[in-house]
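Step one of this worksheet: look at the structure below.
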Amino acid sequence: MKTGLSAGYTPRRIKHLATLNSQQKDAVQTMEGPVLVLAGAGTGKTRVITTRIAYLLAQGVRPENILAVTFTNKAAREMRDRVGKMVGKETANAIILSTFHSFCARVLRSNADAIGIRKNFTLCDSADQSSLMKSVLRELRVPEKQVQPSAAIARISLWKNQLLTPEKALDAASDPWEEYVARAFRRYEEQLRRNRVLDFDDLLLFALRLFQENETVRKKYAKHFQWIMVDEYQDTNGPQYGILHALAKDHRNLCVVGDDDQSIYGWRGADVSKILGFEKDYPGAKVVRLETNYRSTPEILNVANALIQQNIQRHDKELKPALESGVPVMWLPLFDEMNEASYVVGDIRQSHSLGETRWKDYAILFRTQTQPRAFEAELRRLNIPYKISGTRSFFDRKEVRDLLAFMKLMENPDDEVSLLRILNVPPRGIGKTSVDKMLEKATEEGVALGRLLLEQTALTGLPEKPVKASTELLEELVALKKRGGSAGDLVGMIRGLIDLVDYRREVERCYDDPTTLDIRWNGVAEVVNFAENHARTTPKASLNTFLEALALDADDQEEEDEDERDAVTLMTLHAAKGLEFPRVYLVGFEEGLLPHARSAAEGNVEEERRLAYVGYTRAQRMLTVTWAEQRTKWGRQTKCHASRFYYETTAEPLPDGWMASGQEPPPRPAHKKKTKTGKRRATSSRASSRKRRS
DNA sequence: TGTGTCCGAGACGAA
DNA sequence: CTCGGACACA
C-alpha cells in the first residue's frame with residue numbers, strides 16, 4: 001500500500017482482518033484519502049469501523065490523532081467497547097470517539113475566548129427551550145393558538161441548521177405563520193445570548209463558526225485529527241458537514257460510513273444529499289459497497305430489496321444474503337386494531353411456547369405512539385413481559401428539573417429560564433406581579449435578571465421584599481458554588497444545595513401522600529447518585545462537567561439493564577434503527593400510517609419508504625407484516641387499507657378504487673379480498689405465503 | 001396557591 | 001377517545 005504518510009508507517013496486517021469479506025477489507029485498508037462506505041443494513045458496518053480503527057493503530061497511527069464521531073452516545077459507547085476489545089482499553093480510551101455534540105462542546109470550551117462566549121457556558125435542553133419559547137411568544141403577542149411552541153422550536157432548529165439568520169428567515173417567510181416564527185426566532189436568539197446559554201444547535205453552529213472564522217484554530221484541529229471517521233453519515237446535517245469539511249479538507253483522510261436507504265431523520269435536519277453527493281464533494285473518493293448481509297434470511301432481503309428499489313434518490317445497491325433460506329415473509333390483513341394485537345400477541349405466545357426462543361427475540365414495530373396501546377393491553381392480559389422504549393421520563397420529573405435549574409443557576413446566574421423556574425421554590429414570597437416587574441426592569445437594562453440582582457443596580461421602584469429574597473437566594477447559591485468549587489467536592493455541593501434551599505420541605509409540601517413523597521424524594525436521591533457516579537468516573541469532575549454530562553449523555557444506566565431483560569420489545573420504527581431481532585412484527589402497515597398521511601401530503605414518501613425498509617431489515621429469521629381494515633382514530637371507527645408499500649413490495653396490483661393516504665378515504669372498504677396472483681417480481685415471500693384470518 | 005375543568009390536538013425524537 | 005396544558009375560580 002502507499003505510504004504518503006509522513007514517516008514511520010509500515011503496512012502491517014492485523015489478525016482481525018482474516019474474518020472480513022473483501023469489500024470490508026477494502027474499506028478497512030484504504031487508509032488515505034476520502035472513503036465512502038455504503039453499508040447496507042446488516043452488512044457489518046460497525047465491524048468495519050472498529051476494525052479500521054484497529055488497523056490504523058497497527059500502522060502506527062497514534063490514538064489521539066483519530067477522531068471518530070457518532071450521533072448517539074450509545075453508538076459511541078459500543079464502538080469504544082469493541083475497539084477496546086481489539087486493541088486494549090487504554091488505547092481505545094485515548095481515541096477521540098464521541099458524538100458530534102460533545103466533540104463540539106469540548107472544542108468550544110477550549111476556545112471560548114476566540115469566539116466570544118463564556119468558557120463555562122451552560123446548555124439549554126428541550127424543556128428550557130420550550131419555556132423560553134412560550135415566554136417569547138407571549139412577549140411578542142403572537143395571537144394565541146396561532147403558533148405552537150414546539151412547532152416554532154422545530155422550525156427554528158431547521159432554519160438554524162440551514163445557517164439562516166432570523167432576518168433572512170423573515171425575508172424568506174412565505175406565510176403569516178412563518179413570519180410569526182421568524183420574529184420569535186430573533187427574540188429567541190437574543191434571549192439565549194442574554195442568558196449566556198447555548199442550545200443543542202448552537203454547539204454545532206458555534207464550532208463551525210469558530211473553524212470558519214479562525215484559521216489558526218481550524219489548522220490546529222485539522223492537523224491534529226489526521227484520521228477522521230463518521231458513523232451514520234446519512235444523518236449529518238449542514239453544520240455537521242461543514243465541521244467535517246473544515247477538519248478534513250487539508251488532508252482529506254475522511255472515511256464516512258452510512259446507508260442512504262436508512263436516512264429517516266430528514267424532519268430533524270438530516271440531509272441525505274450529503275451522502276448522495278460525497279463523491280462530488282470529495283473528488284476521487286473511494287467508494288466501497290458493503291452488500292453482503294449477515295443478518296437476515298433471503299426471504300426477508302428479497303422484500304427489502306424489492307421495496308427500496310422504488311426510491312429514485314439513492315445509491316444503487318442490493319443486499320445479498322449470506323444466510324440460508326428460512327420461512328416466508330407473512331402478510332396479514334386483520335379486522336381491526338384489537339384483532340391485530342390479539343393475533344400478534346397470540347402468535348408470539350404460541351411460538352414462544354415451543355421453547356426455542358426467548359421473549360426478547362420478539363419485536364413489535366410501529367409508526368406512531370398511539371399504536372402500542374392495544375398491544376400493551378394484550379401483552380398484559382397474557383402476562384407476557386414487555387418493554388416499551390422511549391419516554392425519557394426521568395428528566396421530565398419536576399423535582400429533577402428543579403434541582404437542575406438550581407445547579408444551572410449556580411453555574412450561570414444569567415440563566416433566566418432556570419431562575420424563573422425556582423425563584424419561588426420553595427415559596428419565599430415572590431409572587432407573579434413582583435416577578436413581572438423585576439423582569440421588565442431587567443429587559444429595560446438589557447441584562448439578565450440574575451445579573452441585575454447580583455449587581456444590585458437599577459433596583460429603584462421595585463418591590464423591596466421580593467427583590468431582597470431573590471437576591472439573597474442568588475448570593476447564597478453563588479457562595480455555595482464558590483465553597484464547593486474550591487473544595488472540588490461535587491456531591492457535597494449538591495447535598496449542600498438541597499439543604500440550603502430546604503428542598504426536602506418543598507417535596508413534603510407538594511406531596512402529602514407518603515408513597516408519592518417517597519417516589520419524589522427518590523428522584524432527588526437519584527440526582528445525587530448520578531453525581532456520585534460522575535465524580536467517580538470523571539477525572540476533573542465539576543458542576544460544569546456534571547451539567548454537561550446530564551445534557552449531552554442523558555441516557556441513564558437503567559437503560560442497560562433494560563436491554564438485558566427478557567421481554568418482548570415494543571418500539572417505533574425510528575427507535576429500531578440499528579437494532580435487530582430474530583422475529584419481527586411490523587404492524588399497522590396501512591396507508592395513512594406508513595406512509596404517514598402527513599408525510600404523504602408533504603411529498604416525503606421516499607423517506608417513509610426507507611422507514612418501512614428499516615422495519616423489514618430489522619428481522620433476522622421471521623418477518624410478519626400486519627394491517628387492519630378498520631381502526632379507531634380519534635374515537636371513531638375508520639376504514640383503512642394496506643399500505644402502497646405492500647403492493648410495491650409484493651408486486652401485487654393495486655385493487656380498484658385504491659386511494660393513497662392524504663386523500664379522502666374511499667366510500668367503500670378499500671381493499672377487496674385478494675387472491676394470489678400477479679407475479680411480476682420474484683420475491684419468494686409473496687402471494688403464496690399470504691394468509692388470511694379465518 | 002392549588003384544584004378542577006375545558007379545550008385542542010393527535011409524526012417520528014438524539015443531543 | 002385520551003392526554004396534557006391553560007385558565008378560571010376558590
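Because only heavy atoms are used, hydrogens play no part in the values below, and waters and symmetry mates are left out as well, while side chains stay in.
Summarising the geometry, the separation between NZ on Lys398(A) and P on dT1(B) is reported as 12 Å, rounded to the nearest angstrom. Distance Leu158(A) CG to dC12(B) P: 17 Å, rounded to the nearest Å. Between the CD atom of Gln148(A) and the C1' atom of dG8(B) there is a distance of 9 Å, given to the nearest Å. In this structure, CG of Asp125(A) is placed 14 Å from C1' of dG13(B), rounded to the nearest angstrom. Ile264(A) places its CD1 atom 8 Å from the C1' atom of dC12(B), with the value rounded to the nearest Å. Residue Met571(A) contributes atom CE, which lies 14 Å from atom C1' of dC12(B) at whole-angstrom precision. Rounded to whole Å, atom C1' of dC12(B) lies 9 Å from atom NE2 of His596(A). Whole-Å rounding puts the Trp267(A) CH2 to dA14(B) P distance at 8 Å.
The side chain of Thr572(A) contributes an N or O atom lying less than 4.0 Å from OP1 or OP2 of dG13(B). In this model, the phosphate group of dA15(B) is approached by a side-chain N or O of Asn73(A) to a distance below 4.0 Å at OP1 or OP2. Listed pair Gln371(A) / dA11(B) fails the phosphate criterion, with no side-chain N or O lying under 4.0 Å from OP1 or OP2. Distances shorter than 4.0 Å separate some side-chain N or O of Asn424(A) from OP1 or OP2 on dT1(B).
For Phe211(A) and Tyr221(A), the gap between ring centers is short of 6.0 Å. Aromatic rings from Phe103(A) and Phe225(A) are positioned such that their centres are separated by under 6.0 Å.
Lys432(A) comes within 4.0 angstrom of nothing in the nucleic acid, heavy atoms only. Residue Phe71(A) is in sugar-phosphate contact alone, with no base atom involved, counting any heavy-atom pair closer than 4.0 Å across all strands shown.
Between His574(A) and Trp267(A), the ring-plane angle classifies as perpendicular under the 30° and 60° cut-offs. The aromatic rings of Tyr503(A) and Phe406(A) sit perpendicular to each other, their planes meeting at more than 60°, with 30° as the lower class boundary. Between Phe200(A) and His101(A), the ring-plane angle classifies as perpendicular under the 30° and 60° cut-offs.
Comparing the C1' positions of dC3(C) and dA14(B) gives a spacing of 24 Å, expressed to the nearest Å. To the nearest whole angstrom, the two C1' atoms, one in dA11(B) and one in dA6(C), are 24 Å apart.
Close approach of DNA chain C to chain A, defined as any atom under 4.0 Å from a non-hydrogen atom of the protein, starts and stops at dC1(C) to dC7(C).
Of the candidate nucleotides dA11(B), dG13(B), dA15(B), dA15(B) has the atom nearest to the side chain of Thr99(A). With distances taken from any side-chain atom of Arg509(A) to the nucleotides dA15(B), dG13(B), dG2(B), the minimum falls on dG2(B). Comparing dA15(B), dA14(B), dG10(B) by their closest approach to the side chain of Arg598(A) singles out dG10(B). Of the candidates dG13(B), dA15(B), dC12(B), dG13(B) carries the atom nearest the Arg268(A) side chain, counting heavy atoms from C-beta on. Here the nucleotide nearest the side chain of Arg367(A), chosen from dA11(B), dG13(B), dA15(B), is dA11(B). Side-chain proximity of Pro427(A) to the nucleotides dT1(B), dA15(B), dG10(B) is greatest for dT1(B).
Contact check for Glu648(A) versus Arg644(A): side-chain heavy atoms found under the 4.5 Å cut-off.
Because its NZ or CZ atom is both nearer than 6.0 Å to the ring centre of Phe206(A) and within 45° of the ring axis, Arg209(A) counts as a cation-pi partner of that residue.
Each of Thr368(A) and Ser102(A) lies near DNA chain B, and the nucleotide nearest Thr368(A) is the one positioned closer to the 5' end.
Within residues 231-239 of chain A, no residue has any heavy atom under 4.0 Å from DNA chain B.
Of the charged side-chain nitrogens involved, at least one lies within less than 4.0 Å of a carboxylate oxygen, so that Glu506(A) and Lys398(A) count as a salt-bridged pair.
Annotation: the span from Thr72(A) atom OG1 to Asp235(A) atom CG amounts to 10.0 Å, rounded to 0.5 Å.
In this model, a side-chain donor or acceptor of Ser599(A) finds a partner on the base of dA11(B) within 3.5 Å.
A distance-only check finds a donor-acceptor pair linking the side chain of Arg109(A) to the backbone of Lys119(A) [under 3.5 Å]. In this structure, the side chain of Asp81(A) does not engage the main chain of Glu78(A) through any donor-acceptor pair within 3.5 Å.
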